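I have placed the structure first, in the form of C-alpha cells, so that the comments after it can refer back to it.
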Amino acid sequence: MNAAGFDALRMAGAIVPLEPEGSIRLWQTATDAPRLSASTILSGHGDPRLRDAIAIVDLSAVGLTQYLPTPRSPARSGADIHADAVGQMLAGRYLAEPTHARMLERLWFLLSAVVFIGLSGVLAGRVVLGALALALLAVTPFVFGALEYSMQGALYDPLQPALATIMVAGFEGYVLYRRSEQRRSTLTRQFSQYLSPSVVQRLASSDTEAILSGEKREITILISDIRGFTTMSEQLDTHEIAKVVNHFLGIATDEILKRDGTIDKFMGDAVLAFWNAPLDQPDHRERALDAGLALIERVKREDAAFTADGHRSIEIGVAIETGICSVGNFGSERRFDYTAIGSPVNRVARLESTTKKLGIELVLGPGFAAGASMPVVQAGAFELQGFKGEVPVFTVPEMQAAHQGVSREVEIQQSGAPGAVVGSPPSVQMTPPDVAPRTRSTR
C-alpha cells in the first residue's frame, strides 16, 4: 500500500497492479473459459483440461448465478468475470491508464480546437461541411481509444476531449452567430434610410459580402431636382430653403422606397436613385418609371397645400436612364458608400437638364428606351457634355401629349386671343417635339 491507498497485490510470484480503492480494471476478452459439469467430476471421471489449471466453481442453478454489468456487456456471469481477471494475472497484461494519457488528451483537445477555429471562417456558410468536420474531430478520440484498448490494453478517456471540442465548436458557432447578427444589424441600420424595409430584410438574409463587394450589372437610374432652385435659394432665407428641400426630398424618398429603389445620395435639391441593385429586380425599368411619374404627380398634388402654408411653389424635373454600371461599396477605409459608377449615371445627370429645354417634366434616356416594355416616344435629341454626337431623348406618350396641349394653348394666348398672357416665358413657346429644332446643351 501507499499514501494514496492500495498499490499492488503480490500473489504466487506475480504482481497485480491495483486501483487506489483495491480494485483491478477488467480487460474483458472475447474468449470464453471452457465449462465442465460438476456431476462429471463428482462421479469420479476426471478431465484432462483440469490438469495444472485454475478452476472456478460456480453454481449454475437458475437464480443462484450472479450476473453483473460490465463496460462491454449489460450482464456477465461472475465466473466469466473471474476467469478474465485470472487470465490477465497469468498473462501479465493489465488494463491500465498510461502516464501520458492526460497530456495526450489535453493536447488533442488543443489541436482540435485550433483546427476547428481555423476552419470556422471557411465553414461558416457551409453548415453540412462544418457538422462533418466537428463530427470527425469529436469521433477521432473514441476511435483511437478503442484501438488502444483492444490492442494494447491502454486506457484513454475520449469523452473529455470530444466534449471540449464540441464546447469550442458551440462557442465558435455562437461567436459567428453574434457577428452575423451584428453585421445584419449594422446593414439594416445603414441601409434602412436608403432602401425599403422589404429590400433590407432580403439583403440581410442574403450573401451580403458578395453583393456589397462590387459588381457590374444593369441598373435603371433616376435623378430628379427642383427647377429654378438656384434662383430660389438666392431669394429665400436658410430656414425656408430647408423647408422646400426637405418637402421635396421627403416625397422623393417615399415614392422611391415604395417601389424598392435604392437611394444613392441627396445632392442639394436633387436625389439620385437606382433599381436592380443590390438585389435583382427584373422589372427595374417599370419600377423606376412608375416612381418618376408618381413623384411628379405627388409634387403637383401637394403643391397647393404646401403653398397655402406660405411656402414657395416648386416644379421638378425627372430623368431616367438604364445601363451597365459598377455597383458596390466605394470609398476609403474611413468612409465608403454603396453607390453606382458608370457612363449611364453621368448621362442621366446630363439628361435631367433637357427637361427644362423641352418643357417636359420627365425624360428617358436611349438605354431605357432600348429595352422598355412600355411605349415611349422621342422628344428630341441633344448634344450632352462628355458624350459624342447627339443623344436621343424620349418620354412617355401621355407626357408628350400634355406638353403639346400646353404649347398650343400658349401660342393661342400669345396671338392676342381674349385672356392672353403677355410676357409668357419663352421656354414654353415650343413647337411639338417631333419637329423641334436640335438644341445644344450648355450645361
Side-chain angles (χ1 to χ4, degrees), residues 214-225 252 255-256 259-264 270-297 316-328 339-404 430 432-441 443:
E215 58 181 336
K216 281 188 174 293
R217 63 192 303 165
E218 183 182 66
I219 62 173
T220 297
I221 312 107
L222 177 149
I223 187 170
S224 177
D225 70 354
E255 299 303 329
I256 292 170
R259 291 149 185 90
D260 294 336
T262 301
I263 298 178
D264 188 325
V271 58
L272 179 67
F274 52 82
W275 281 259
N276 204 37
L279 299 177
D280 293 331
Q281 296 170 321
D283 58 341
H284 52 93
R285 282 182 173 85
E286 291 78 3
R287 291 174 183 261
L289 180 58
D290 188 35
L293 293 173
L295 176 57
I296 294 171
E297 190 277 332
I316 66 170
V318 177
I320 302 175
E321 177 62 315
T322 301
I324 304 295
C325 294
S326 296
V327 186
T339 185
I341 299 176
S343 178
V345 180
N346 298 330
R347 186 164 56 247
V348 74
R350 305 292 190 271
L351 286 172
E352 196 278 330
S353 64
T354 66
T355 60
K356 303 173 185 178
K357 297 177 174 62
L358 291 172
I360 300 177
E361 295 166 308
L362 173 71
V363 297
L364 309 172
F368 181 96
S373 60
M374 70 292 294
V376 298
V377 294
Q378 184 170 345
F382 295 86
E383 289 186 0
L384 305 179
Q385 182 180 356
F387 295 89
K388 294 182 179 180
E390 293 183 335
V391 178
V393 179
F394 300 83
T395 188
V396 293
E398 55 267 30
M399 195 68 66
Q400 184 189 45
H403 165 66
Q404 290 175 341
M430 298 186 64
D434 53 348
V435 294
R438 302 298 186 188
T439 306
R440 295 184 180 273
S441 172
R443 183 170 177 175

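Because the structure is predicted, anything quoted here is derived from the model rather than measured.
Using a cutoff of 4.0 Å between basic side-chain nitrogens and carboxylate oxygens, Arg285 and Glu321 are not scored as salt-bridged.
The shortest side-chain heavy-atom distance between Glu255 and Asp290 does not fall under the 4.5 Å cut-off. Residues Phe274 and Val345 have side chains not in contact (no heavy-atom distance under 4.5 Å, counting atoms from C-beta outward). Contact check for Asn276 versus Val327: no side-chain heavy atoms found under the 4.5 Å cut-off. Side-chain atoms of Val271 and Ile256, non-hydrogen and from C-beta on, do get closer than 4.5 Å to each other. Side-chain contact between Ile296 and Met399: present, with at least one pair of heavy atoms (C-beta onward) separated by less than 4.5 Å. Considering only heavy atoms from C-beta on, Glu352 comes within 4.5 Å of Asp225 through its side chain. Phe382 has its side chain within reach of Leu358: a pair of non-hydrogen atoms, C-beta onward, lies under 4.5 Å apart. Proximity of Val348 to Leu222: side-chain heavy atoms (C-beta onward) are nowhere separated by under 4.5 Å.
The backbone N or O of Gly261 sits nowhere less than 3.5 Å from a side-chain atom of Gln281 that would complete a donor-acceptor pair. Checking side-chain atoms of Asp264 against main-chain N and O of Leu272 turns up no donor-acceptor pair under 3.5 Å. Distance alone, capped at 3.5 Å, is enough to place a donor-acceptor pair between the Thr262 side chain and the Ala277 backbone. Between the Arg350 side chain and the Gln385 main chain, a donor and an acceptor come within less than 3.5 Å of each other.
For residues 358-376, the set of pairs meeting the side-chain hydrogen bond (donor to acceptor under 3.5 Å, both in side chains) definition, not counting sequence neighbours, comprises Glu286-Ser373, Lys300-Glu361.
Listed here is the closest heavy atom pair of Ile263 and Ala273: CA-CB, 4.1 Å. When all heavy atoms of Gly342 and Cys325 are compared, the pair lying nearest together is CA-SG, 4.3 Å. Nearest approach of Thr355 to Gly317, heavy atoms of both residues: OG1-CA, 4.0 Å.
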- Task: Begin from the C-alpha positions of Glu218 and His284 and carry the test side-chain contact (heavy atoms from CB on, under 4.5 Å) through to its verdict.
- Result: CA-CA 9 Å; Glu218 183 182 66; His284 52 93; 3.3 Å; yes
- Carefully, step by step, assess Thr395 and Gln378 under the rule side-chain contact (heavy atoms from CB on, under 4.5 Å). CA-CA 6 Å; Thr395 188; Gln378 184 170 345; over 6 Å; no
- Item | Test log, rule side-chain contact (heavy atoms from CB on, under 4.5 Å), inputs Asp283 and Trp275 | CA-CA 9 Å; Asp283 58 341; Trp275 281 259; over 6 Å; no
- Message: Pair Ile221, Ile223 - check side-chain contact (heavy atoms from CB on, under 4.5 Å), show working.
- Response: CA-CA 7 Å; Ile221 312 107; Ile223 187 170; 5.7 Å; no
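Rounded to the nearest 0.5 Å, atoms CD1 (Ile341) and OG (Ser326) are 7.0 Å apart.
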What donor-acceptor contacts under 3.5 angstrom involve side-chain atoms of residues 362-370, with partners at least two apart or in another chain?
none

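For the side chain to side chain donor-acceptor pair (under 3.5 Å) test, residues two or more places apart in sequence or in another chain that qualify with Thr322 are Thr220.
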